[in-house]
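Contents: one structure, followed by commentary.
What you see is a predicted model, and the numbers here were worked out from it, not measured in a lab.
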Amino acid sequence: MRDAYHEELDSIGDGLVEMARLVGSAIGRATTAILDADLKLAEHVIEGDQKVDELQHDLEALAIALLARQQPVATDLRIVVTSLRMSADLERSGDLAQHVAKLARLRFPERAVPSDLHATILEMGQLAQRLMAKAAEVLITKDVDLALQLEQDDDEMDLLHRTLFQHLMDDRWKHGIETAVDVTLLGRYYERYADHAVSVAKRVVYLVTGEHADELQPDVQPDIQAGVQPGVQPGVQAVPGADA
């Protein structure tokens with residue numbers, strides 16, 4: 001019975017890795033769809049989110065069953081509870097990729113992203129995919145040092161997000177209100193997606209060490225902790241209502 005119990009614990013981890021891989025692929029394909037106005041690809045991303053939802057439901061059911069049957073303690077309890085939280089992060093990441101794809105579908109056959117912002121959105125999409133790939137690796141390896149790196153990597157996404165807003169606030173903006181709204185939402189989707197990848201990594205740190213990631217990073221500068229890039233003036237706040 002103990003062997004079966006540990007196999008079920010392992011299957012929870014396997015499910016999380018599969019979710020991370022699916023949502024990583026989804027954000028990459030959604031980025032291609034939004035930049036190329038690829039309706040077929042957008043539809044595939046939208047439909048594919050159901051698989052992520054199903055994996056989360058299965059994982060939750062297994063975790064709850066383990067809690068009820070085995071009443072795990074210590075490290076095993078931490079694995080089950082933390083896995084439930086990570087599955088929620090990953091499910092929300094899938095939703096955010098789906099939001100990008102839905103915007104591509106909404107604006108088809110037009111492109112939602114102006115040509116002068118193409119490179120920025122592409123970079124945000126590629127970075128989001130890399131962050132989730134690293135989160136998947138952390139789930140597999142339980143590498144605390146690698147997990148802690150993700151928060152530093154996320155600073156790059158924050159900088160890209162600010163760059164996007166600088167374009168929107170520029171007096172030379174010529175693409176109209178509708179496109180400005182689309183770009184604002186896209187920036188928020190990618191920024192929140194990255195936050196969820198970081199959250200997964202932080203939860204792995206807690207799973208392995210029993211300590212929260214912030215407690216292991218005392219030397220992080222206060223302005224970075226506040227989401228402000230060194231040398232960049234604050235003043236543009238994220239748009240409310242696009243959270244996930």
Side-chain angles (χ1 to χ4, degrees), residues 22-49 52 92-134 150 152-198 224 226-244:
L22 285 173
V23 300
S25 174
I27 197 65
R29 290 181 295 136
T31 301
T32 299
I34 197 77
L35 294 176
D36 295 347
D38 189 329
L39 180 61
K40 184 175 181 181
L41 185 57
E43 293 286 7
H44 281 313
V45 174
I46 293 165
E47 294 169 4
D49 188 55
V52 176
R92 293 306 297 152
S93 299
D95 287 346
L96 289 161
Q98 186 184 58
H99 292 341
V100 174
K102 284 183 175 180
L103 184 55
R105 182 175 67 180
L106 178 65
R107 299 303 176 211
F108 181 83
E110 303 298 325
R111 298 184 185 219
V113 179
S115 59
D116 53 334
L117 290 179
H118 189 287
T120 302
I121 294 297
L122 176 60
E123 192 172 355
M124 293 181 84
Q126 291 174 339
L127 178 58
Q129 193 168 10
R130 289 198 303 272
L131 285 168
M132 191 56 73
K134 190 174 284 190
L150 258 80
Q152 297 175 17
D153 295 340
D154 183 48
D155 292 341
E156 185 179 347
M157 183 66 82
D158 293 337
L159 181 57
L160 287 168
H161 194 207
R162 288 182 177 279
T163 299
L164 209 59
F165 271 101
Q166 288 171 358
H167 281 283
L168 291 168
M169 300 299 291
D170 196 309
D171 291 338
R172 292 169 294 180
W173 177 262
K174 59 183 180 181
H175 304 294
I177 295 175
E178 183 177 86
T179 301
V181 172
D182 289 347
V183 170
T184 299
L185 288 173
L186 279 174
R188 185 60 171 162
Y189 296 154
Y190 286 115
E191 189 265 341
R192 289 299 297 141
Y193 183 101
D195 286 347
H196 285 299
V198 171
I224 294 178
V228 178
Q229 293 299 313
V232 177
Q233 292 296 322
V236 179
Q237 299 297 322
V239 174
D243 204 356

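Rounded to the nearest 0.5 angstrom, Leu186 CG and Leu117 CG are separated by 10.0 Å. Put simply, CZ on Arg188 and NE2 on His161 are 6.5 Å apart, with the number rounded to the nearest 0.5 Å. In this structure, CD in Glu123 is found 8.5 Å from OG1 in Thr163, a value given to the nearest 0.5 Å. One distance of note links CG of Leu127 with CG of Leu122; it measures 11.0 Å at 0.5 Å rounding. Rounding to the nearest 0.5 angstrom, the gap separating the CD atom in Gln166 from the CE atom in Met169 is 10.5 Å.
Counting all heavy atoms, side chain and backbone alike, Ile27 lies closest to Ala128 at CG1-CB, 4.0 Å. Minimum interatomic distance between Met157 and Glu191 (heavy atoms only, all atoms of both residues): CG-CA, 4.0 Å. Shortest non-hydrogen contact noted between Ala42 and Arg105 is CB-N, 4.4 Å. The two residues Met132 and Ser93 make their nearest non-hydrogen contact at CE-OG, 3.5 Å. In plain terms, the two heavy atoms of Ala194 and Asp154 that are nearest each other are CB-OD1, 3.2 Å. The minimum heavy-atom distance between Ala104 and Ile34, with the atom names listed, is N-CD1, 3.3 Å.
Counting only heavy atoms from C-beta outward, the side chains of Asp158 and Asp155 approach each other to under 4.5 Å. At least one side-chain heavy atom of Arg130 sits under 4.5 Å from a side-chain heavy atom of Glu156. Residues Lys134 and Leu131 form no side-chain contact, since every pair of their non-hydrogen atoms from C-beta on lies 4.5 Å or further apart. Side-chain contact check for Met124 versus Leu164: some heavy-atom pair is nearer than 4.5 Å. Two residues are said to be in side-chain contact when any heavy atoms from C-beta on lie closer than 4.5 Å; Arg192 and Asp195 meet this criterion. Looking at Asp116 and His175, their side chains come closer than 4.5 Å, going by heavy atoms from C-beta outward. Within the 4.5 Å cutoff, side-chain heavy atoms of His99 are placed close to those of Leu96.
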May I have the step-by-step check of side chain to side chain contact (heavy atoms under 4.5 Å, CB included) for Asp38 and Phe108, ending in yes or no? CA-CA 8 Å; Asp38 189 329; Phe108 181 83; over 6 Å; no
Before giving the answer on side chain to side chain contact (heavy atoms under 4.5 Å, CB included), spell out for Ile121 and Tyr190 the whole-Å C-alpha distance, their side-chain angles and the decisive distance to 0.1 Å. CA-CA 9 Å; Ile121 294 297; Tyr190 286 115; 4.0 Å; yes
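Using a 4.0 Å cut-off between charged nitrogen and carboxylate oxygen, Lys40 and Glu43 do not count as a salt-bridge pair.
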